[in-house]
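Below: the structure, in structure tokens.
Excluded from the calculations below are hydrogen atoms, water molecules and symmetry mates; all remaining heavy atoms, backbone and side chain alike, are included. Because the structure is a prediction, the values reported are computed rather than measured.
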Amino acid sequence: MNIARKVAGGAFRFRAYATAAYVPPASLEGLQLAQPPPPKSKPESPTFYTGRANYYDQLLTIEDVAKQARRALQELELLPLPRFAQQNLPPLRPVWKNKDDLSELIEANLTTSRYRRFLSQLNQLNEYRRLAEVAGHLELAERIQGVLEMFERENKDAILARGKSKPVKFDEYGRSYTVGRRKESTARVWVIAVQRPPGEEAASSSPAPAEGEAATQVQPQASQDVPIQSAPAVGIPGFTSGPLSVGPAHIEVPTTNILVNNMSLVDYFPRLSDRERIVRPFRVAGLIGAFNVFAIVRGGGNTGQSGALALGIAKALAAHVPEVEPLLRKAKMLKRDPRMVERKKTGRAKARKAYTWVKR
């Protein structure tokens, strides 16, 4: 019965009378109609309705610059680049603004994901700049750099200079001054090249005489120094013929001095391991007997002082002969040993050693 009422009620539910007052048309002749709303102005940016117009405008601008740079590099046949060529390019060290500074620059709040997306586009554009610079297209590289400078930190040069060693200074005598450290020891090292004998310097510096003057000049006499008679070279016993029966040729090694705290190297470092550590930079660089060393060491023990002195000598050799720097760097002799002595703890005999436990 209830279902029938619902169906019948839905079918007969209507009004048989008017609900609005009748208004004659003649009364509407002098009535002023409402003006239509003004049309909405077109937004300046196509990303206006995204809610983050400033962010997406900057992102689209960088993407457009990257597309133009990619197209220019493709026309120059620099892209795509082989893998071996990519590996030989100089490394990049970008220094972009942090998230807060970048948000303030583009006047938009940045989340971590949006910040990473922004940096990925900047890194891609920076790679195009590096490729154009290495290929010699400086005009294209400068145009890209002009866009990237807006998003780099102001103290970029100071940040890139971190970790770089300061250039070694030379005095008027050609001596280099370096400082080496290890543990609690410090070594101040002065290194100067071995001076050649006066006779060799005069022979190399004097100009060759003219043909007309050669007959009138008197030839200088040979040096009056008595040569030192060395023992003849003897081969290996048991070999009567062949190369092993002949002794090695005599090699003249120039004498050099390594003074540590106004003492000779043997007197100051009696242990052989310490002396080997100090001489190792000369062995690696192949410059044994080429330089004189004067050092002042302070603090620590023999191991620390020898390590500090070796580091100072390696720095000096890299400054005097830049060609041996890759050898010393590969041998890990231009980097300070960061290990330090651990401090003593309260209630312990040393840093970690405990006192002998006694039950009573």
Check whether the side chains of [X] and [Y] place a donor and an acceptor atom closer than 3.5 Å, and report yes or no.
X: D171; Y: W190; result: no
X: Y128; Y: R70; result: yes
X: T303; Y: R271; result: yes
X: N109; Y: S103; result: no
X: E107; Y: Y55; result: no
X: S264; Y: D267; result: yes
X: R298; Y: T186; result: no

As an exercise, state the distance from CZ of F151 to CD1 of I62, rounded to the nearest 0.5 Å.
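Nearest 0.5 Å value for the CZ-CD1 distance: 4.0 Å.
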
Run the salt-bridge test on [X] and [Y] with the 4.0 Å N-O cut-off and return the result as yes or no.
X: E133; Y: R129; answer: yes
X: E152; Y: K97; answer: no
X: R175; Y: E172; answer: no

Of the options F269, Y268, F282, which is the one that meets I258 in a side-chain contact (heavy atoms from CB on, under 4.5 Å)?
F282

Donor-acceptor contact below 3.5 Å, side chain H320 vs main chain V191
yes

Indicate yes or no for a side-chain donor-acceptor contact from S306 to the backbone of D274 under 3.5 Å, with no hydrogens or angles considered.
no

Listing, residues 83-95 side-chain donor-acceptor contacts under 3.5 Å, not counting sequence neighbours, or none:
{"residue": "Q86", "atom": "NE2", "partner": "L81", "partner atom": "O", "Å": "3.2"}
{"residue": "N88", "atom": "ND2", "partner": "F84", "partner atom": "O", "Å": "3.0"}
{"residue": "R93", "atom": "NH1", "partner": "L160", "partner atom": "O", "Å": "3.4"}

